[in-house]
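Structure first, commentary second.
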Amino acid sequence: MSEPAPRFALIDGNTFYVSCERMWDPSLLGVPTVVLGNGDGCCIALSPEAKALGLKIGTPIFQVPEDIRKQVQVRSANFALYGDMSARIVTILREMFPRVEVYSIDENFVDIEGIADPVALCLEARERILQWVGIPCCVGLGITRTLAKAGNKLAKNQSKRAIHAGRLAVFHATPDNIHNLPVEDVWGVGRQFAKRLAKEGVETAADLAALPAEHVRAQYGVVLARTQTELRGIPCGDLELEEPDRQQIIVSRMFGRDVTDPMDALVTFATVAAEKMRGRGLAASAVWVWLDGNPHKGNGFHVSRTVPLPFPTQDTRDVLLAVRWLAKSIIKPGQAFKRGGVGLVDLVRGGQRQADFFSAPDPRRERGMEVLDRINAKYGRGTLGLGAAGWRVGGVRPDQVKRHGGEAQWRPMLKSLSPSYTTKWDELIRVR
DNA sequence: TCTGGGGTCCTAGGACCC
DNA sequence: TCTGGGGTCCTAGGACCC
């Protein structure tokens with residue numbers, strides 16, 4: 001009997017952040033390369049060569065032994081660059097497939113139902129992305145999204161051999177060929193579930209599919225029950241073509257060092273969060289602020305507080321008022337903070353706001369915010385700001401410090417940030 | 001010296017209401 | 001003395017994702 005045709009494909013950029021860096025700096029090709037998260041702290045992406053050296057995602061780079069570190073090329077995460085590369089990939093896929101779900105910065109599901117030779121078309125997409133954007137991808141196919149995800153993992157696992165043999169990495173996963181997939185690699189199975197499943201003798205995706213459904217539902221909840229159903233080849237969901245509105249927008253950072261007065265940082269986070277919120281046409285009904293101590297120095301604590309707003313707002317000034325008030329109420333003199341964040345929560349569509357009878361939104365103020373966003377979009381975030389709001393939330397390269405003026409304490413210093421080749425005029429690559 | 005930054009959903013328990 | 005049951009909302013915590 002022939003297999004039922006796959007309905008979904010997952011096309012996924014291999015070690016995406018590293019591949020983006022390599023696209024613009026070919027000297028990294030074949031060299032162990034890692035991309036570091038905020039403040040050059042942890043490894044968030046590793047090339048296969050870096051993995052072969054024993055580096056792991058999440059490892060703080062300073063813990064890596066000196067002799068290993070010397071062999072590794074390091075870059076600070078440059079999300080503006082990665083986001084732009086991602087958008088180019090999506091453009092290609094939208095030209096080739098009727099329906100595309102942008103699942104994450106490096107993963108896209110596509111609808112392949114009814115296509116005569118889906119494997120061939122996916123290979124063509126892979127080839128175009130490689131040629132036009134420079135990012136190598138793996139492809140998983142399946143009759144459910146969970147199987148397509150599983151296929152993608154299996155494609156990655158076999159990709160070394162496949163590439164070596166001159167074949168491309170594609171895998172059509174079916175309920176009958178997932179016995180080589182470790183259960184912790186199944187979409188929806190994290191560390192905790194994997195640990196509990198192991199105690200039951202469940203080691204592979206096929207083992208999970210074979211458990212009694214009622215048992216999975218009772219012991220692990222509806223989410224894993226759905227995962228199991230999908231592993232069995234029964235779809236529980238379709239592509240999500242439109243991104244649902246965010247429920248909350250959070251901006252938080254680890255500080256570059258312990259900080260006793262985090263107000264400037266929180267105000268900056270709030271400004272950026274409000275900008276993101278307006279960019280999505282949303283308004284906040286409540287504001288949330290929190291601060292953490294430094295558990296690595298035996299100073300672990302967490303303070304947080306939320307305040308509802310009188311009416312949903314899109315105005316940075318309303319947000320800042322709330323944030324300043326909240327911050328003052330939770331900051332105790334003498335405490336040192338290592339991390340903080342601002343959340344805009346209970347978001348509602350800007351157009352559907354419930355106006356409070358006595359305090360309606362002011363259209364003139366909203367136009368002011370529009371002008372601010374347009375100027376910042378055109379000339380860079382922070383060109384125009386309000387009061388004490390800092391002008392960018394990220395860290396800075398040493399060569400940018402002069403432009404930034406007095407370096408705020410909380411900002412991490414990024415030593416290895418690659419230029420924003422595609423999104424900033426003054427950092428375009430030069431071809432002489 | 002230096003330890004990521006976002007998100008979502010589900011569940012259980014308490015408060016409250018009728 | 002004896003003391004229901006069901007619905008909703010909220011919150012905190014825990015699991016997951018990238």
Side-chain angles (χ1 to χ4, degrees), chain A residues 10 12-13 15-17 34-46 56-64 66 69 74 76-79 82-83 86 101-109 145-146 149 152-153 183-197 217-227 236-237 240 243-258 269 272-273 276-277 280 285-286 288 290 292-297 299-300 302 304-306 308 338-347 393-395 409 411-416:
Chain A
L10 177 66
D12 165 300
T15 57
F16 186 69
Y17 299 163
V34 312
V35 172
L36 300 178
N38 176 52
D40 288 352
C42 295
C43 303
I44 58 171
L46 303 169
K56 296 233 173 349
I57 296 216
T59 308
I61 191 69
F62 77 90
Q63 281 180 0
V64 177
E66 188 61 32
R69 218 186 319 174
V74 166
S76 307
N78 184 343
F79 290 102
Y82 311 149
S86 175
E101 174 183 341
V102 179
Y103 177 68
S104 75
I105 194 163
D106 64 336
E107 291 170 281
N108 295 284
F109 283 105
R145 297 196 309 157
T146 303
K149 274 282 244 184
N152 189 272
K153 281 277 184 195
V183 73
E184 62 266 27
D185 287 348
V186 171
W187 191 29
V189 179
R191 267 222 287 288
Q192 300 307 314
F193 283 173
K195 222 185 287 176
R196 283 169 57 192
L197 287 164
R217 167 70 186 87
Q219 294 303 310
Y220 299 91
V222 293
V223 178
L224 196 68
R226 274 201 288 269
T227 295
C236 297
E240 282 171 25
E243 192 187 355
D245 279 339
R246 289 281 173 79
Q247 298 172 17
Q248 51 181 25
I249 287 171
I250 293 171
V251 175
S252 80
R253 288 291 181 281
M254 217 78 194
F255 301 138
R257 66 205 71 160
D258 290 5
F269 300 164
V272 172
K276 288 184 176 177
M277 175 178 71
R280 292 173 175 273
S285 312
W288 171 42
W290 81 96
D292 289 339
N294 190 345
H296 300 290
K297 292 186 180 166
N299 185 31
H302 174 87
S304 97
R305 192 163 179 190
T306 305
K338 183 56 187 170
R339 180 198 186 93
V342 169
L344 304 180
V345 298
D346 296 342
L347 298 176
V393 71
Q409 266 197 10
R411 289 178 198 279
M413 180 79 79
L414 302 180
K415 300 188 192 70
S416 331

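Just so we're on the same page: letters track the sequence lines, and every chain starts at 1. Note that the structure is a prediction, hence the values are computed from the model and not measured.
The listed nucleotides are B/dC10, B/dC2, B/dG6; the one nearest the side chain of A/K338 is B/dC2. Comparing B/dT3, B/dT8, B/dG5 by their nearest atom to the side chain of A/R339 picks out B/dG5. Picking from C/dC18, B/dG5, B/dT3 the nucleotide with the shortest atom distance to the side chain of A/D106 gives C/dC18.
In this structure, A/Q248 does not reach the B/dG6 phosphate: none of its side-chain N or O atoms is under 4.0 Å from OP1 or OP2. Remark: A/K297 is in phosphate contact with B/dC2, judged by side-chain N or O atoms under 4.0 Å from OP1 or OP2. Between B/dC10 and A/R226, a contact under 4.0 Å exists linking OP1 or OP2 to a side-chain N or O.
Contact annotation for A/K195: no contact, since no heavy-atom pair falls under 4.0 Å across all strands. The residue A/N294 sits apart from the nucleic acid: no heavy atom pair falls under 4.0 Å. No engagement by A/L224 is indicated, since no non-hydrogen atom pair under 4.0 Å with the nucleic acid exists.
The P atoms of C/dT3 and B/dC17 are separated by 23 Å, rounded to the nearest whole Å. Distance noted for atom C1' between C/dG4 and B/dC16: 16 Å (whole Å).
In this structure, CD of A/E243 is placed 10 Å from P of B/dG7, rounded to the nearest angstrom. When rounded to the nearest whole Å, the span between CZ of A/R253 and C1' of B/dG6 equals 9 Å. In this entry the distance linking CD of A/Q63 with P of B/dG4 reads 10 Å, nearest Å.
A/W187 is listed as a side-chain neighbour of A/R145, based on a closest heavy-atom distance under 4.5 Å. A/C43 has its side chain within reach of A/L36: a pair of non-hydrogen atoms, C-beta onward, lies under 4.5 Å apart. Contact of the A/T227 side chain with the A/Y220 side chain is not registered, since no non-hydrogen atoms from C-beta on lie closer than 4.5 Å.
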How would nucleotides 11-17 of chain C be written as a contact map, 5' to 3', with B for base contact, S for sugar-phosphate-only contact and - for no contact, using protein heavy atoms under 4.0 Å?
----SSS
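Stretches of at least 3 consecutive Watson-Crick or G-U wobble pairs, with each checked distance under 3.5 Å, appear in DNA chain C as B:5-18 with C:5-18.
A distance-only check finds a donor-acceptor pair linking the side chain of A/N152 to the backbone of A/L10 [under 3.5 Å].
If you find the closest nucleotide of DNA chain B to A/F62 and to A/R217, the one lying nearer the 5' end belongs to A/F62.
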